[in-house]
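Just so you know, these numbers come straight off a predicted model, no measurement behind them. One-based numbering along the sequence shown.
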Amino acid sequence: MQEDVRPALDVDFDAVLAGRLIQPVFQPVVALADERPVGFEALARGPEGPFREAAALFAAATRAGRAAELDWMCASAAGRHFRTAELPEELALFVNLNPDTLVLDPPDEVIKEYTGLTQERPVVLEITEQSVMREPARLLEAVLDARRRTARIALDDVGAEPGSLAAMPLINPDIIKLDRSIIQSRANSWAVSQVVNAVLDEANRRGAQILAEGIETREHVAVARSLGATLGQGWLFGRPGPLPPKDVRCSEHELARVKSRRVSRTTPFEVLAPTTDVHPTTDDLFENMAEHIEYQAKQTSSPAILTVNVGDGGFDDEARLRHTYLTNRGIDVFVLGTNLPHDLGGRIRGIPLLETDPLVHERTVLFVGSRYGSAAFARRHGDTLDAGTCYDPEHVIEATLTLVNRLPA
């Protein structure tokens, strides 16, 4: 038998998973208006020793290639404990799931646990912003499935990394969690202002709630309220530990539930054409329209997503240089078209289209940021193009969502 030569610590981690030695602890999430709980976030703890804290647990799971397994195990344990606790039924369970986990099919035990739990209590799935754009199609499908099961969606740690701001309009969260670095920052920097303004715009437009993490002092409460937060979490309100007794006084304030966006299986042209004027134009004139949208992308100073459909047209070196420049500025770029490779150079993601896809006869440039949206769109009609532009963010986001099932999974 081949000797296991892995570090002893990783072998010990295997024993933690095999013995299911994961215990959930819970930290209150409160309404800042009355500072009483609206729910509890589940956090993971391992057995006494090197894997006691969640950071060590997940670092070992990542090294072993078992992060999703640990994620689902933690979610299952949290759901089981929460269901059996004698708590008011209006209190919600907040559960963290990495995007890389959420795109995978959950084990049967997790489905069973959460099917029962969502019928009895509110559930909020927290999506960490890390890797949120790695597999956008599968992630957005998972988000839609969670909503169908009545779960709410929270976008976690917003502000820690720029990617969450770009994905925020597409994920359409019910709750936006400001990272502790925003609340505990001693200086109102330009970067902090960018994050806060984007979050406030999204919350006001969609009716989402803002939750401030890392509240440890009364000063932090004041900062959180000044940034528009109505929910809070941190040591000031309670450290992670067992669930409270059944007579806990919960808040009278309810969690928000945003209106779900329509995700149609059509095309951007079919979504956008009814919303604005469409006129016959030439290929050259449409290129000018598209370049205007791309110019807006060049001027942005915050994360965004640019989706370009070239249909059965080409993607030349000049376009590659333009889009590489945008990716270097932090913009996620997707290019759809026939005969396109997945790798278009740099961080541009190519998406080949089937010859039967109606997008083959369309041309589209969709630009979605955390606070704006614009588009140029066209459909081939004989020797000309029927084309239009749109600057309504909600319509542009809806048009972008028609491409979800075509993005790489």
Side-chain angles (χ1 to χ4, degrees), residues 26-43 88 90-96 122-129 152-162 164-165 167-169 171-241 244 248-259 302-303 369-372:
F26 300 87
Q27 186 175 34
V29 174
V30 306
L32 292 179
D34 55 22
E35 297 189 2
R36 298 207 298 267
V38 294
F40 291 85
E41 179 180 355
L43 304 167
E90 58 265 39
L91 288 175
L93 173 63
F94 289 68
V95 184
N96 288 280
V123 172
V124 181
L125 292 183
E126 296 192 20
I127 302 172
T128 56
E129 66 172 4
R152 291 175 171 86
I153 302 297
L155 188 59
D156 199 7
D157 300 332
V158 172
E161 294 289 340
S164 62
L165 293 181
M168 186 166 56
I171 292 176
N172 190 30
D174 303 273
I175 298 169
I176 305 167
K177 299 187 72 173
L178 288 175
D179 185 72
R180 65 176 57 246
S181 63
I182 301 293
I183 305 305
Q184 298 180 2
S185 174
R186 294 185 177 275
N188 187 20
S189 67
W190 173 85
V192 169
S193 296
Q194 284 285 95
V195 171
V196 172
N197 289 337
V199 168
L200 284 171
D201 279 356
E202 179 73 9
N204 291 333
R205 188 168 62 243
R206 300 297 299 170
Q209 285 172 311
I210 300 173
L211 190 160
E213 298 181 291
I215 295 179
E216 299 178 0
T217 66
R218 283 290 157 193
E219 182 183 359
H220 292 160
V221 174
V223 171
R225 287 176 171 155
S226 72
L227 299 180
T230 58
L231 303 175
Q233 186 176 0
W235 287 357
L236 181 65
F237 307 120
R239 298 191 178 221
V248 60
R249 291 183 63 203
C250 56
S251 176
E252 297 179 356
H253 296 267
E254 298 182 357
L255 293 176
R257 186 182 292 280
V258 304
K259 182 180 179 181
S302 58
S370 56
R371 304 171 63 187
Y372 39 73

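Here the side chains of Val158 and Val195 are in contact, with some heavy-atom distance below 4.5 Å. The shortest distance between side-chain heavy atoms of Tyr372 and Asp201 does not fall below 4.5 Å. Contact check for Leu178 versus Ile210: side-chain heavy atoms found under the 4.5 Å cut-off. A heavy-atom distance below 4.5 Å is found between the side chains of Glu216 and Arg180. At least one side-chain heavy atom of Ile183 sits less than 4.5 Å from a side-chain heavy atom of Leu227. No side-chain heavy atom of Gln209 sits under 4.5 Å from any side-chain heavy atom of Arg152. By the 4.5 Å heavy-atom criterion applied to side chains, Asp156 and Glu213 are counted as neighbours. With contacts defined as side-chain heavy-atom distances shorter than 4.5 Å, the pair Pro173/Val258 does not qualify.
In this view, Phe237 satisfies the ring pair (Phe, Tyr, Trp, His ring centres under 6.0 Å) rule with no residue, not counting sequence neighbours. A search for salt bridge (charged side-chain N to carboxylate O under 4.0 Å, His left out) contacts involving Glu252 returns nothing, not counting sequence neighbours. Annotation: side chain to side chain donor-acceptor pair (under 3.5 Å) contacts of Ser251 (sequence neighbours excluded): Asp34.
Atom CD of residue Gln184 and atom OG1 of residue Thr217 lie 8.0 Å apart, to the nearest 0.5 angstrom. Taking CD from Glu126 and CG from Leu211, the interatomic distance works out to 7.5 Å, rounded to the nearest 0.5 Å. Ile176 contributes atom CD1, which lies 11.0 Å from atom CG of Leu231 (distance to the nearest 0.5 angstrom). Atoms CD1 and CZ, on Ile153 and Arg257 in that order, are 9.5 Å from each other to the nearest 0.5 Å. Between the CG atom in Leu43 and the CZ atom in Arg239 there is a gap of 13.0 Å [rounded to 0.5 Å].
Counting heavy-atom neighbours within 6.0 Å of Glu254 CD, excluding the residue itself, gives a total of 12 or less.
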### Task
Please test Leu32 against Thr230 for side chain to side chain contact (heavy atoms under 4.5 Å, CB included), starting from the C-alpha separation and ending with a verdict.
CA-CA 5 Å; Leu32 292 179; Thr230 58; 5.7 Å; no
### Query
Should Leu255 and Asp174 be marked as a side chain to side chain contact (heavy atoms under 4.5 Å, CB included) after you check the CA-CA gap, both sets of side-chain angles, and the distance that decides it?
CA-CA 8 Å; Leu255 293 176; Asp174 303 273; over 6 Å; no
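Pro169 and Glu202 make their closest contact through CA-OE2, 3.9 Å (heavy atoms, listed as atom of the first residue, atom of the second, distance). Annotation for Ala154 and Val124: closest pair CB-CG1, 3.7 Å, computed over non-hydrogen atoms. Residues His253 and Ala33 come closest through the heavy atom pair NE2-CB, 3.4 Å. Taking both residues in full, the closest heavy atoms of Leu200 and Gly228 are given as CD2-CA, 4.0 Å, listed atom of the first, atom of the second, then distance. When all heavy atoms of Ala256 and Gly207 are compared, the closest pair comes out as CB-O, 3.6 Å. Gly39 and Leu91 make their closest contact through N-CD2, 3.8 Å (heavy atoms, listed as atom of the first residue, atom of the second, distance).
Between the side chain of Glu90 and the backbone N or O of Val38, no donor-acceptor pair lies under 3.5 Å. Side-chain N or O atoms of Arg206 include one that pairs as donor or acceptor with a backbone N or O of Lys259 at under 3.5 Å. Of the possible polar contacts, none joining the Asp157 side chain to the Asp179 backbone as a donor-acceptor pair under 3.5 Å is found.
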